[in-house]
Structure formats: structure tokens, C-alpha cells
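Take a look at the structure below.
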2 protein chains.
Amino acid sequence: MPKRFGTDPGNEEKGHPKRFECFKKAKHVNLKQLSQLLGLSQTTVSRALNGYPEVNAETRQRVLDAVRETGYRPNRAAQRLATGRAGSIGLVMPTADGIESDVHFGEFLAGLGDEAVKHDFHFVINPSHPEEEVATCRRLVASGNVDALFLAYMREKDPRIAMLKTLKTPFVVHGRSIGVPTDYPYLDIDNTGAFYDAARLLAQLGHRHFALINGPDYLAFSIRRKKGTVRALAEHGLTLREECVQHSQMTDEHGFRAMERFLQLETPPTAVLCSSTVLALGAVRAINQAGLKLGTDISLIAHDDVLPMLKPENFMVPLTTTRSSLRAAGQRIARRLIADILTLETLPQQELWKTDLIVRASTGPAPAGK
Amino acid sequence: MPKRFGTDPGNEEKGHPKRFECFKKAKHVNLKQLSQLLGLSQTTVSRALNGYPEVNAETRQRVLDAVRETGYRPNRAAQRLATGRAGSIGLVMPTADGIESDVHFGEFLAGLGDEAVKHDFHFVINPSHPEEEVATCRRLVASGNVDALFLAYMREKDPRIAMLKTLKTPFVVHGRSIGVPTDYPYLDIDNTGAFYDAARLLAQLGHRHFALINGPDYLAFSIRRKKGTVRALAEHGLTLREECVQHSQMTDEHGFRAMERFLQLETPPTAVLCSSTVLALGAVRAINQAGLKLGTDISLIAHDDVLPMLKPENFMVPLTTTRSSLRAAGQRIARRLIADILTLETLPQQELWKTDLIVRASTGPAPAGK
DNA sequence: AAGGAAATCCAAAGCGCTTTGAATTTTGGG
DNA sequence: CCCAAAATTCAAAGCGCTTTGGATTTCCTT
């Protein structure tokens, strides 16, 4: 039971506002006070601040200066009420047994937060079983608590996209679906290209037997990475054997088991691609355990999301990687989402980031005779 | 530059509200409409909904029924403006090179979100270098964008607590600091007890040489876990050798290296405690690599935060663990935080959760003669 | 120098909710 | 049956911002 407030302390100010302003450690100035201070109307000040054109340049400058001096910050709740915008972005966090509430998510989130906090944007974090993602999205939008949505963990023919397009809520997708028109706003990295480049490098180094330790097979990025790999191999007259492909959560353990399995094959691979440095961790372990020398007996390239806690250069044998910062992607998406909200123009923007291929010690020429 | 709206579509409703209400797929009912519908004043309806006592029981029921029928949901922005409460909770996310924006954080966050979304609470996620945490907290509170703070990653004599106590913003700490009065609201698990229990079990099984693979040495939970271990050993006339203690980020790699190092000692430990299943992953790997048999040659107990992606029962040799769900902690803290905000009573509540000690196959009697 | 367009600026009306201060109805004791 | 106290209910005043619809001024054209 909420209890009633006593007399609102704010009322006591009424008598001698000036006095109290000194005491109450700069109790936030509000628009009214600011405009009085400037001898302008609230309208004009508001417009000056929000970049409307019908304000004299000089006046605007005066306002801006005053803002700096007084430390004025508009009350977000009031803005939200007046504009009808919620000032926050929603994100559905997949979460269930065996589903990746993983390292990668945290890193990405840090990027989002980084940017959002600069603009006083909030988050509504809505954990959801992957099965119910569509419903959760819809509910989130309907709640009116968010004015933009962030989507990730795209699948093939992901139903969320079509659904979101019917609503008028802006959204940005991290990744791209497959098999649906790509006319929605997204930010993705060139997964196909990354693994194409990586595989090609290894092929050029003479490797003929490849393996791929990938993410879950239902996620779009996994599919693309495989495609890139296959394509590069094809160009060298090589194929990727199905028994040399692993699809699973990107944990160390899965990396380990996959590699272990590969090494027991009749003709084990000498070149391995990993979808994450986390997977690589396990794979390298298996390689060591088998007594093989990374970079000599077997080459490995991993995709590096630039997780601060797992740096490829710190591996015993530094890892060759395709690199793209997950955090940077988070920042960028937050920026776009916020821009969308503020301008109200949902330009279906698409961005595809190239990855860097960074050669370190884990890659070398194919061992002779293999 | 924000562009001006056209004529507000909402205005068109004015003429024939009834008509449009049918079209605009149940455009949210607001308090005014609801009260008219009931033939009551907004005041009364508002009070009925917020649990104020001066409302007739029958009237309240009528209101509640109407809410159910109309699907009325108060506009949060308006509430925030009227009450001055922000309806959101702030969290400072430590993030820097080598700092754990780790798995554990994501899991905890899922718990927070789970609960918060039920009450329409938002988050303000503020990444910050650990060095600047105090300043970030202060700024976050000053921004007026949050009305409660969540703190984690407690250190010894953590300065944030004293700071927060001077502010009037409610907060809940996940964990407990050390060396400062514990008169603040916290939720912690009994780390000392957990590791005491674990170490005692191993001692009872005849183990005499112990090792501890712990989290960062500056974090309170690490300190407590070590203390619990030492205490249990002392009761059995044993000591924990300094060279058998590892403090580091809780990654697989650190677990591996630590274990590797231990096994090279003159007298290697036969009993190992790990602060996380993630660490255990690495440790187990090192054990296998050394050709030792887990549960026979060497026993291991890990603390299990119940990460969905790393279940102790799925290890090759299922892990004996001390268990406490991180996600449950997140939920509980969110609940408390929200309660604090709504009732405005900052009762300095303390909770200390006991952990479960679950015996699986990774523990066994000390090998003979060791 | 007059008239109209363009440039600026303003008063006031909300946005949807909470809370105050007072009115109205019930209830209970004498 | 009357009156004060208790129980209910209400009208109206904000909360701080945005936006509409004018008002006022300035600047050009002819």
C-alpha cells in the first residue's frame, strides 16, 4: 500500500524561490525558470533547444549559453508525456535453457548502454523464451513503453521482421534474416565475406581439409558463415565435408568436443574455422591435448567479437581472426535507433560492416603431404 | 533536426470520439474516459487503483472490474511526471578491458528484467570504467532518471555504499562489502558458508592438499570464499597454501592455467574449489590433459550460478557444486527495488541466501597415500 | 512608402496522472 | 431526531514540456 506523502517539500519553495535555489544544491532548473531568466517565452526556449528553424540564431545562442550556465536539463517524463514518445528502446532478450544469454550478449549490451545513456534513453529489457519472441515483441510495442525495438538472433525467414513492419514502431535488426526481402533496417557484419576471406587464406596456404565450428544452425549468421566458407573452398576445387561441420551454442565445451571429434576422423582437417573465440578456446584445447601444434600441424581462424575478456592475441599461440567489434555494433545500433525515434523518419537503412582479417600465429602453410 | 508534426491525428477524434474508438484498435483508454464510464471522478478511480484507504470497498471493486474490461493501463509517463518518480532503476555496468562484462552479468540481468517488465519498470544501463563507478553512480542519481540503484561487484570497503547512503535514493546491493558497517540493504549469498561446506566435505573425504581457483582478489565474494575455505581447513588442522590460490577473472582460460600450475607443484592438490563453473571448465580440462581422473585422482567442487549454458550435470564427469541461482537473485533484487520505490520506505533489509551443496561425481575420497 | 511575405516570438491549451482542499454523504452517540 | 465525526467522493490545481494558432516585427518588392 503506498502511503500518502506529507506536505510536498517542493511547496515550501514557493515563498522565496531564490533563497532555496542556493540551498537545494541546484535543484533542477525547469523550462519556466529558464525562460523567465532569459526574458523569453517557454515556446521559444523549447524551440531553440529542439532545433526548430523559426528561432533567431542569436536568440538560440543565448539560450544555449543559459543552458550551459544553469545546467538545465529537460525533464524527461514531461517530454515523454507531451510528445507521446516513451524515450526508451525495447529489447527482447532470448533466455531459456541452453540458450545464449551469453558473453556476446553482455558485450553488445554494453555498447547499447554506452550510447543510450548519452541521450537519456532507457531500456526495457524483456526476457522471453525464443518460442514466444513474436508475441513478446508485440506486447512490448503495445505497452507503449518503448518507441523502438532492437532485434537480434535472426533466423532464417524470421517472423519478427514481417510483424514489426506492420507496426509503425521503428526498429533495427542486428544481423539479417535469410529468405525474406531485406528491405528493413539492419546492421550486420559481412559474415559470408569474413569466412570467405578466412577460408581462402587457408586454401592459399595449401590446406585441403577443412572444418567449421559454427554457431547454432538456425541462426542466420551461422548459415552465412558456412556459405562463405563453402564458396571459398569451391573456388579452390575443395569441399567442406558434412562431418567436418559443427553447429552448436558457442561455448568452450562445444568447441572442444567438436575438435576432438574432427581429430578422430580418418582424414582430419588441417584447417579449422571457428565462429567465436570462445569456441576457439575449446578447439585449441583439443588440439593441444592431441599433441598437435597450432599454426604448424593445424591452422585455425576464429571470428573475434572483441570480447574484452578473451583476446586472441593472448592465446598461447595468438589467434588469426576475422574481427568486428560487437560493442561498436551496439553503439551504432543505439545511435540509429535513437535517431529514428527523434526524427520520426524510419528510413530503412542498411549497413554491412566488413570484417578485418588479422593474421597471427595460428595459421601457417598446410603440413606437407596432407 | 526534428521536423514538425502535421496536424495531430488525435485531433480528428474530437468530433465523434465514439466512432473512432472502434476503429483505432482500442486506443488506450485513459483515466478520464474510465472515470466517466464509471460515473466517478478521476480522483476516486485513481485512488481505488493505487490502494488508498478512503475508497468504498464496493466502489473499488467496480473500478477494478472496469479496468479489466477496458484493459485500462495508466500512462507511465504521466504517472512519472505527476509523482516525480522516474519508474526506472539504474545499474552501473562495469566494463573495461579485462573486466567481466561476463556471462554472469547477463544471467543476472535476465532476472532483473524478468521482474521489472512486470511492473513496467525501465532500466538505465550505464557502462562505466570501474575506476569511475562512484562518479557514475552519482551522476546517474543526479540525472533524475532513476529512482533506485542497483549495485554489484562489491569490493572491500566499497566507497559506493557510503556515498549512496548520503543520497536519499534507495538502492540494493548484490553482495556485501567488507570492512564497512553492513547496515545497508543487500542481497548476498553465503559465500563463506558455501565454501566452508565444500571444503569441509572434501576434508572429511580425507583430502589434505587443497587449492582454490577464485574470482578477482579485490571482490568481496572472493575474499569470503577464501575465508570459508580457510576456516574449514583450519578445523581439520589443514592450511591453504598461498601457491595453491588463484585470483583472476572467471574465465575458462584462467581456470585452465591455474590448474596447470597447481599440478606442477611438488605436492599438487587433490582437492580443488572453483568460484565458477566457467573456471571449472578450464580446470577440468587441465586435469584431463594431465591424465588425471576427476573424482578419483582429484576432486573438484565448483560454485554454480545456474548458468543455463553451463550445467554442472552435463560435464563429462558431473560436477559437485555449491549452488545458488543468479537469475533468482536478479529477480528478487528487482522486486525489492521496486517495492522500495513504490512504498518510499527504505527499510534497510538484508538477505543472506544459503547455498545448496550438491554432490555429484567430481568428488570422491582422497587417493590413498596422498 | 505601402502591402505582403518571411522571420520571430508568444499566450495558452493540452498530455494523463496524482494530490490537495473541500464538499457531500453516512454513521453513531446523546 | 439532531449534530459532530467518520467515511466517501469530487473539482481543480498542478507536474514540466510541446505544439498550435496567432501576434508582432522585419524585410522586400513594386
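Residue numbering restarts at 1 for every chain, and letters A, B, ... go by the order of the sequence lines. What you see is a predicted model, and the numbers here were worked out from it, not measured in a lab.
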Report the residues that fulfil salt bridge (Lys or Arg N to Asp or Glu O under 4.0 Å) with [X], sequence neighbours left out, ordered by chain and then residue number.
| X | answer |
| --- | --- |
| A:Asp120 | A:Arg73 |
| A:Asp158 | A:Arg160 |
| A:Glu69 | none |

Residues which pass side-chain hydrogen bond (donor to acceptor under 3.5 Å, both in side chains) with [X], listed by chain and number, not counting sequence neighbours:
| X | result |
| --- | --- |
| B:Gln36 | none |
| B:Thr182 | none |
| A:Arg76 | A:Gln79 |
| A:Lys165 | A:Asp183 |

Nearest-angstrom distance from the residue atom [atom1] of [X] to [atom2] of [N]:
| X | N | atom1 | atom2 | result |
| --- | --- | --- | --- | --- |
| A:Leu38 | C:dC9 | CG | P | 11 Å |
| B:Arg80 | C:dT19 | CZ | C1' | 19 Å |
| A:Leu31 | D:dT19 | CG | C1' | 13 Å |
| B:Asn75 | C:dC15 | CG | P | 11 Å |
| B:Lys32 | C:dT18 | NZ | P | 16 Å |
| A:Arg60 | C:dT8 | CZ | C1' | 11 Å |
| A:His28 | D:dC15 | NE2 | C1' | 15 Å |
| B:Gln79 | C:dC17 | CD | P | 7 Å |

(request) Check side-chain contact (heavy atoms from CB on, under 4.5 Å) between B:Ala334 and all other residues, then give those that pass, not counting sequence neighbours. (result)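 Per chain and number, B:Ala334 pairs via side-chain contact (heavy atoms from CB on, under 4.5 Å) with B:Leu112, B:Glu115.
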
(message) Measuring only between side-chain heavy atoms, which start at C-beta, is B:Leu40 closer than 4.5 Å to B:Arg62?
(response)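 A side-chain contact exists here, since the closest heavy-atom pair is under 4.5 Å.
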
(message) How close do B:His174 and B:Met154 get, counting heavy atoms only, and between which atoms?
(response)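 That would be O-CG, 4.1 Å.
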
(message) Ignoring hydrogens, what is the shortest heavy-atom contact between A:Arg336 and A:Pro185? Give both atom names and the distance.
(response)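 The answer is NH2-CB, 3.6 Å.
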
Can you give me the N/O atom pairs linking the protein to nucleotides 10-12 of chain C at distances under 3.5 Å, or say none if there are none?
unit_1, atom_1, unit_2, atom_2, d
C:dC10, OP2, A:Ser41, N, 2.9
C:dC10, OP2, A:Ser41, OG, 3.2
C:dC10, OP2, A:Thr44, OG1, 2.8
C:dC10, N4, A:Arg47, NH1, 2.9
C:dA11, N7, A:Thr43, OG1, 3.4
C:dA11, N6, A:Thr43, OG1, 2.4
C:dA12, N6, A:Thr43, OG1, 3.4

Between [N] and [X], is there an OP1 or OP2 to side-chain N/O distance shorter than 4.0 Å?
| X | N | value |
| --- | --- | --- |
| B:Tyr52 | C:dT19 | yes |
| A:Ser46 | D:dC17 | no |
| A:Asn50 | D:dT18 | yes |

(message) Based on the rotation axes of five pairs at each end, what angle does the helix from C:dA1-D:dT30 to C:dG30-D:dC1 bend through, to 10°?
(response)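 Terminal axis comparison yields 40°.
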
Distances for protein N/O vs nucleotides 26-28 of chain C N/O pairs under 3.5 angstrom?
none

Check nucleotides 5-8 of chain D against the protein and report each pair of N or O atoms closer than 3.5 Å, with its distance, or say if there are none.
none

(message) Can you tell me how the ring of A:Tyr184 sits relative to the ring of A:Phe171, calling it parallel under 30°, perpendicular over 60° and tilted otherwise?
(response)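 The arrangement is parallel - the two ring planes meet at less than 30°.
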
(request) Using atom types as modelled and distance alone, determine if a side-chain donor or acceptor of B:Arg332 lies under 3.5 Å from a backbone N or O of B:Gly111. (result)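 Judged by distance alone, no pair lies under 3.5 Å.
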
(request) State whether A:Arg68 and A:Asp65 are salt-bridged, where the test is any N-O pair (Lys NZ or Arg NE/NH1/NH2 against Asp/Glu carboxylate O) under 4.0 Å. (result)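 A:Asp65 and A:Arg68: salt-bridged.
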
(request) From the options D:dG16, C:dT18, C:dC17, select the nucleotide whose nearest atom is closest to the side chain of B:Leu81. (result)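 Shortest atom-to-atom distance from the side chain points to D:dG16.
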
